[in-house]
Amino acid sequence: MSVSRRSILAGGLSAPVVARGLVTAGAGAGAGLLAARTPARAAEAAHQFSLGDSEITILTDGGLVLPASTLASNVSDEERNAFLTSHGHDAETRASALNIALVRKGDALVLIDTGAGLNFFQDAGLLADSFDAAGLDRDSVTHVVLTHGHPDHVWGVIDDFDESERFPNASYLMGAAEWDFWMNPDFLADNPEELHSFALGAQRNLGAVAEKVERVGADHAVVSGITMIETPGHTPGHMSVLIENGGQQLLVTGDALTHPSVSFEKPDWQPTTDQNPELAAKTRRTLLDRAASDGLLLVGYHLPWPGVGRAEAKDGAWRYVAEG
């Protein structure tokens, strides 16, 4: 994707908005967000490991930088800042990776989420570059699982320039409740304005592949050993993906867990990006309890690259232990 192509796309861009309206870029900032991307380098594009006889590849779609205030809306600035500082994090900004899992199991090549495309943040939208850098063919993807409808997960379904499918030979799967929420024809009338740009982008991307999308319920098997499970709260129908092979388990959590310290040690804190904060907190606790009890390997979409680690019980909560 050349700079000139990106410049053409800039003409139609709405200002990026983060869920619940807490980060909105003005016209000047919007232009800055469309500065030239840095192509993914091979050393950073992919992280590979095995789970039984399945091959897991984590691909980068780049990253986002948000205000640290988005990590918790239900605690004071002083409490949040003190916690972040004590854990070695910036108290002003929050850097979030975009880690996308690709699972090869037998004849299936399953991609979990499609990244942000080029119309969301300057340093996002690198997934196609990561495929190329890792020597992978996007045409070989057989299934695309969409955890939820936020921009950094579904705006990469189609090419921003010519609207062609980025994964033309894949079938798609998404939770039925999540699909119904974003594809509601009355969305703009039924939901707050800060979600409107999210919905318009979701409808554009999901609408382009609507005939190929299977809308599923809890515990749906994508292929044998790869199951979609309900983890709602971040969005109404958010789902995570459980991969089981060779007696090992890996949970791709989507946005159920988004920060290596806050999500694990302060699961009741309410990130501003959670659409139902109370339900999201309940989901986090349930998920973390299961992950620690069962020794699950985790892949977090926004955890530090490559987002692979485990949860360990600690002092009535948990701590994140990175692997790889």
Side-chain angles (χ1 to χ4, degrees), residues 1 18 33 36-51 54-68 70-71 84 87-90 92-104 110-118 120-136 138 145 147-148 150-156 234 240-241 243 250-265 271 273 287-288 291 296-312 318-324:
M1 184 66 161
V18 172
L33 291 169
R37 294 178 300 146
T38 302
R41 294 190 295 273
E44 300 171 339
H47 172 79
Q48 293 184 321
F49 59 96
S50 296
L51 188 83
S54 295
E55 181 182 272
I56 314 297
T57 303
I58 309 300
L59 298 166
T60 183
D61 189 51
L64 311 175
V65 179
L66 307 175
T70 61
L71 286 167
L84 292 173
H87 285 67
H89 300 294
D90 188 344
E92 298 298 323
T93 61
R94 163 192 179 187
S96 290
L98 300 175
N99 307 313
I100 297 180
L102 181 69
V103 184
R104 188 182 298 277
V110 182
L111 181 70
I112 303 173
D113 289 325
T114 65
L118 304 181
F120 191 48
F121 270 84
Q122 172 186 337
D123 293 326
L126 299 180
L127 183 59
D129 294 328
S130 293
F131 264 86
D132 293 342
L136 298 167
R138 285 182 284 128
V145 176
T147 61
H148 65 293
H150 279 168
D152 50 327
H153 297 258
V154 303
W155 284 17
H234 180 69
S240 299
V241 181
I243 302 158
L250 167 68
L251 186 64
V252 181
T253 67
D255 281 5
L257 302 168
T258 57
H259 191 272
S261 298
V262 172
S263 296
F264 291 78
E265 298 184 42
T273 50
L287 187 156
L288 287 165
L296 300 184
L297 192 61
L298 303 172
V299 173
Y301 199 84
H302 294 296
L303 298 181
W305 169 261
V308 181
R310 299 183 189 273
E312 291 185 354
W318 298 267
R319 72 183 187 100
Y320 175 62
V321 181
E323 293 196 5

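From His302, atom NE2 reaches atom CG of Leu66 across 8.5 Å, with rounding to the nearest 0.5 Å. The CZ atom of Arg138 lies 12.5 Å from the CG atom of Leu102; values are rounded to the nearest 0.5 Å. To the nearest 0.5 Å, atom CG of residue Leu127 and atom CG of residue Leu118 are 11.0 Å apart. Leu98 contributes atom CG, which lies 5.5 Å from atom OH of Tyr301 (distance to the nearest 0.5 angstrom). Note that OG of Ser50 is 11.5 Å distant from CZ of Arg104, once rounded to the nearest 0.5 Å. Here OG1 of Thr258 is found 7.0 Å from CG of Leu71. Values are rounded to the nearest 0.5 Å.
Counting only distance, with no hydrogens or angles, the side chain of Ser96 and the backbone of Leu64 share no donor-acceptor pair below 3.5 Å. Distance alone, capped at 3.5 Å, is enough to place a donor-acceptor pair between the Asp113 side chain and the Thr147 backbone. Put simply, the side chain of Thr93 never gets that close to the backbone of Ala68: no donor and acceptor are under 3.5 Å apart. At distances below 3.5 Å, not a single donor-acceptor pair connects side-chain atoms of Asp152 with backbone N or O atoms of Gly115. With Asn99 contributing its side chain and Ile58 its backbone, the two residues share no donor-acceptor pair below 3.5 Å.
Taking each heavy atom of Thr114 and Trp155 in turn, the nearest pair found is OG1-N, 4.3 Å. Contact record, Leu288 with Ala311: CD2-CB, 3.8 Å, taken as the closest heavy-atom pair. Residues Pro67 and Arg94 approach most closely at O-CB, 4.1 Å, considering heavy atoms. When all heavy atoms of Phe49 and Val308 are compared, the closest pair comes out as CE2-CG2, 3.9 Å. Taking every heavy atom of both residues into account, Phe121 and Val65 meet most closely at CE2-O, 4.0 Å. Nearest heavy atom pair, residue Ala116 against residue Ala124, reads CB-CB, 3.8 Å.
For the side chain to side chain contact (heavy atoms under 4.5 Å, CB included) criterion with Leu298, the lone passing option out of Leu250, Val321, Val252, Leu257 is Leu257. Exactly one of Ile243, Val241, Leu287 qualifies for a side chain to side chain contact (heavy atoms under 4.5 Å, CB included) with Leu251. That residue is Leu287.
Pro304 pairs by the side-chain contact (heavy atoms from CB on, under 4.5 Å) definition with Pro260, not counting sequence neighbours.
Using the six-membered ring where Trp is involved, His148 and His234 have ring planes that are perpendicular, over 60° apart on the 30 and 60° scheme. The aromatic rings of His259 and His89 sit perpendicular to each other, their planes meeting at more than 60°, with 30° as the lower class boundary.
At a threshold of 4.5 Å between non-hydrogen side-chain atoms, the residues Phe120 and Asp61 do not count as touching. Taking the side chain as every heavy atom from C-beta outward, Thr253 and Leu303 never approach each other to under 4.5 Å.
A salt bridge (charged side-chain N to carboxylate O under 4.0 Å, His left out) check over residues 303-312, counting only residues at least two apart or in different chains, returns the pairs Arg310-Glu323, Glu312-Arg319.
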